[in-house]
Amino acid sequence: MDLVIRDARVIDGTGGASYRADVGVHEGRITEIRREGEGDGPRLAGAKTVDAQGLALAPGFIDMHAHSDLALLRDPDHSAKAAQGVTLEVIGQDGLSYAPVDDRTLAQVRQAITGWNGDGNDIDFDWRTVGEYLDRLDRQGTAVNAAYLIPQGTVRMYAVGWDDRPATAAEVEHMKQLVAEGMEQGAVGMSSGLTYTPGMYADDSELTELCKVVAQFNGYYCPHHRSYGAGALQAYEEMVNLTRTANCPLHLAHATMNFGVNKGKAPDLLALLDDALAGGADITLDTYPYTPGCTTLVAMLPSWASEGGPDAILARLQDDETAEKIRHHMEVIGADGCHGVPIEWDKIEISGVSDPGLASCVGKTIAESAAQRGEEPWITGRRLLINDKLGSTILQHVGHEENVQAIMRHPVHTGGSDGILQGFKPHPRAYGTFPQYLGRYVRELGVLTLEDCVAHLTGRPAARLRLPDRGLVREGYRADLVLFDPETVAAGSTFDAPRTLPTGIPHVLIDGKFVMKDGRRTDILAGGSVRRTP
């Protein structure tokens with residue numbers, strides 16, 4: 001064999017009890033698992049041997065919600081994810097990404113999500129279709145694997161534009177064609193960002209038609225739904241009903257209950273999901289193990305202020321009369337971009353800016369920066385939006401720990417970092433989600449058992465992605481594996497030092513190749529696209 005991992009505590013991804021075993025790997029696959037005490041012959045032998053000395057051996061972790069769409073091309077090292085034990089990321093999230101596009105759409109989406117992925121000036125955008133983007137990942141080679149969701153907002157941008165109106169019948173057919181082509185080319189499903197423009201302009205009938213196409217290809221729908229605040233339960237129910245009408249599996253993105261109006265209300269969400277599951281619905285969800293959220297500052301605006309795209313947004317912000325209407329909507333009424341809740345400027349912390357000249361704002365809330373300047377918070381926020389050309393990212397401190405813990409216990413839960421890698425001070429979830437689950441929520445708090453938690457991060461997401469040979473430690477499966485120490489594994493990243501790598505994860509393999517060895521990133525690019533299985 002190419003490699004034998006000896007004396008490992010195998011946590012196989014099913015949620016079942018762990019066991020001691022030697023595991024043999026050959027040509028990128030697990031070829032033999034010999035449990036302790038089984039067989040009388042000689043021990044497994046290979047060209048290389050790793051003595052696990054009782055370390056936990058698990059399937060590689062699957063990040064069900066990642067924003068590495070350009071980072072995979074820009075940063076071959078990609079230790080942010082590789083060092084966590086992540087071997088597969090699901091990108092194309094929240095309805096906005098870079099395929100399928102034409103030249104116009106590409107320019108617009110690059111500007112719209114600069115805060116998520118950078119402006120892309122360092123990237124050769126030599127693709128336009130989903131298949132061409134996935135081919136680019138394969139041609140270049142990536143640190144970890146990637147599966148892709150067709151971004152519904154980008155599709156609407158392509159076929160309809162940025163107008164807040166129902167799509168015509170011809171436009172709906174165009175969008176259905178784009179979705180079908182993307183699924184044929186290997187996408188695993190479709191995402192939406194229903195608090196982000198222009199995707200949020202789609203009504204339920206339009207989304208249902210697109211979900212029907214996704215279902216025809218055995219994919220799933222992954223919505224960032226219309227509200228995580230004042231209308232959260234209704235927004236969840238809308239997605240459940242929509243996908244049941246379309247007969248399409250549903251995966252709820254970063255399924256949280258945030259803002260003061262939802263404190264302690266996770267049981268209401270879980271009861272809604274349990275009722276749907278009991279009725280035959282196919283539902284999963286993902287969460288990150290932190291309370292603050294992360295998005296862009298421009299996302300907080302009311303949707304009417306974003307109609308027409310980035311240039312139109314900037315024009316409205318620069319007009320005093322229109323800007324005052326935006327302020328009133330955000331501070332008094334509660335903008336749909338802020339989930340129907342009046343914005344609390346003391347909970348909006350700037351985590352990154354596109355213009356280095358604005359770096360003094362990073363790490364401060366809008367309220368703190370405004371107080372330093374002796375002005376109202378809206379004045380500070382408006383100035384930042386204009387001067388940073390909508391590129392600022394934020395941490396939004398609106399979560400509740402009891403909700404986080406209740407949701408992660410649910411049997412359809414999976415892990416997703418929602419990690420934005422841009423900015424001077426990104427959310428620590430980008431570098432710490434998976435060791436945070438294993439260290440804080442398993443070892444320290446006991447919210448999940450180790451075996452159950454590993455299943456949440458491996459076997460369960462692989463089943464949602466319909467991957468026939470990933471997500472379990474099983475003979476014949478791909479050798480995407482992580483060795484970690486359950487007694488020491490921990491997230492190194494904090495809100496003050498968000499790019500600190502984790503501890504207690506010495507080895508990570510993809511297709512049997514070490515992408516992390518002895519706690520250090522190797523130069524191996526073993527990843528590529530993971531496409532929908534026909």
Side-chain angles (χ1 to χ4, degrees), residues 1-26 28-61 79 81-87 144 432 434-444 446 448-459 471-475 477-492 500-522 524 526:
M1 299 179 190
D2 298 328
L3 173 68
V4 172
I5 302 170
R6 286 187 172 162
D7 193 27
R9 176 187 174 185
V10 176
I11 305 175
D12 66 5
T14 65
S18 61
Y19 57 88
R20 287 291 184 108
D22 295 349
V23 177
V25 173
H26 187 63
R29 291 189 180 268
I30 300 168
T31 53
E32 188 169 353
I33 301 172
R34 186 173 297 179
R35 297 192 184 214
E36 186 178 56
E38 286 184 346
D40 298 324
R43 297 190 75 172
L44 300 183
K48 296 179 181 179
T49 301
V50 171
D51 189 348
Q53 297 180 321
L55 290 176
L57 176 67
F61 303 137
S79 289
K81 295 302 178 67
Q84 295 184 59
V86 171
T87 58
V144 304
F434 295 87
Q436 179 83 341
Y437 270 117
L438 297 167
R440 177 165 173 76
Y441 288 94
V442 172
R443 185 180 64 247
E444 296 177 7
L448 298 169
T449 67
L450 183 59
E451 288 82 0
D452 192 28
C453 183
V454 168
H456 285 233
L457 307 181
T458 60
L472 301 176
V473 179
R474 182 171 290 176
E475 291 177 359
Y477 274 52
R478 291 181 180 271
D480 294 354
L481 301 167
V482 55
L483 276 159
F484 67 93
D485 184 347
E487 300 303 317
T488 63
V489 62
T500 306
L501 297 181
T503 56
I505 305 178
H507 305 302
V508 182
L509 298 91
I510 295 178
D511 276 354
K513 303 178 182 68
F514 284 95
V515 295
M516 296 290 298
K517 195 171 192 320
D518 297 320
R520 296 181 180 274
R521 177 74 174 92
T522 69
I524 293 173

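Source: prediction; values computed, not measured.
Residues Ile5 and Asp22 are not in side-chain contact: their nearest non-hydrogen atoms beyond the backbone lie 4.5 Å or more apart. Here the side chains of Val144 and Val515 are not in contact, with every heavy-atom distance at 4.5 Å or above. In this structure, the side chains of Gln436 and Tyr441 come closer than 4.5 Å at one or more pairs of heavy atoms. Side-chain atoms of Thr87 and Val508, non-hydrogen and from C-beta on, do get closer than 4.5 Å to each other. Within the 4.5 Å cutoff, the side chain of Pro59 has heavy atoms near those of the Val454 side chain. At a threshold of 4.5 Å between non-hydrogen side-chain atoms, the residues Leu3 and Leu509 count as touching.
Looking only at distances, a side-chain donor or acceptor of Gln84 sits under 3.5 Å from a matching main-chain atom of Phe434. A donor-acceptor pair under 3.5 Å is formed between the side chain of Glu38 and the backbone N or O of Arg35. Counting only distance, with no hydrogens or angles, the side chain of Ser18 and the backbone of Val10 share no donor-acceptor pair below 3.5 Å. Remark: the backbone N or O of Asp452 is paired with a side-chain donor or acceptor of Thr449 at under 3.5 angstrom. Using modelled atom types, one side-chain atom of Arg521 and one backbone atom of Ile524 make a donor-acceptor pair closer than 3.5 Å.
Ion pairing between a basic and an acidic side chain is recognised when a charged N comes within 4.0 Å of a carboxylate O; Arg20 and Asp7 show such pairing. Ionic pairing of Glu36 and Arg6 is not present here: no N-O contact between side-chain nitrogen and carboxylate oxygen is shorter than 4.0 angstrom.
Taking each heavy atom of Cys453 and Val442 in turn, the nearest pair found is CB-CG2, 3.5 Å. Between Gly504 and Thr488, the shortest heavy-atom distance links the atoms CA-OG1, 3.6 Å. Smallest separation of non-hydrogen atoms from Pro486 and Arg9: CG-NH1, 4.1 Å. The minimum heavy-atom distance linking Pro506 with Leu55 is given by the pair CG-CD1, 3.8 Å. Closest non-hydrogen pair, Ile11 versus Ala56, comes out as CD1-CB, 3.8 Å. Heavy atoms only, all atoms of each residue included: Leu501 and Ala83 are closest at CD2-CB, 4.1 Å.
Applying the salt bridge (Lys or Arg N to Asp or Glu O under 4.0 Å) test to every pair with at least one member in residues 504-520, sequence neighbours left out, gives these pairs: Arg478-Asp511.
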Step-by-step side-chain contact (heavy atoms from CB on, under 4.5 Å) determination, Val482 to Phe61: CA-CA 8 Å; Val482 55; Phe61 303 137; 3.8 Å; yes
Check against side-chain contact (heavy atoms from CB on, under 4.5 Å), Leu483 and Val50: CA-CA 10 Å; Leu483 276 159; Val50 171; 4.2 Å; yes
Residues His456, Leu448; criterion side-chain contact (heavy atoms from CB on, under 4.5 Å); working and verdict: CA-CA 10 Å; His456 285 233; Leu448 298 169; 4.1 Å; yes
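Evaluation of the side-chain contact (heavy atoms from CB on, under 4.5 Å) rule for Ile33 yields Tyr19, Ala21, Val23, Ile30, Val473, Glu475 as partners, not counting sequence neighbours. Considering only residues two or more places apart in sequence or on other chains, Asp51 meets the side chain to side chain donor-acceptor pair (under 3.5 Å) condition with none of them. By the side-chain contact (heavy atoms from CB on, under 4.5 Å) test, Val489 is found to be paired with Pro435, Leu438, Arg443, Phe484, Ile505, residues two or more places apart in sequence or in another chain being considered. When the side-chain contact (heavy atoms from CB on, under 4.5 Å) test is applied to Thr14, the partners found at least two apart in sequence or on another chain are Asp12, Leu472, Arg474. By the side-chain contact (heavy atoms from CB on, under 4.5 Å) test, Thr500 pairs with Ala497, sequence neighbours left out.
Aromatic rings from His507 and Phe514 are positioned such that their centres are separated by under 6.0 Å.
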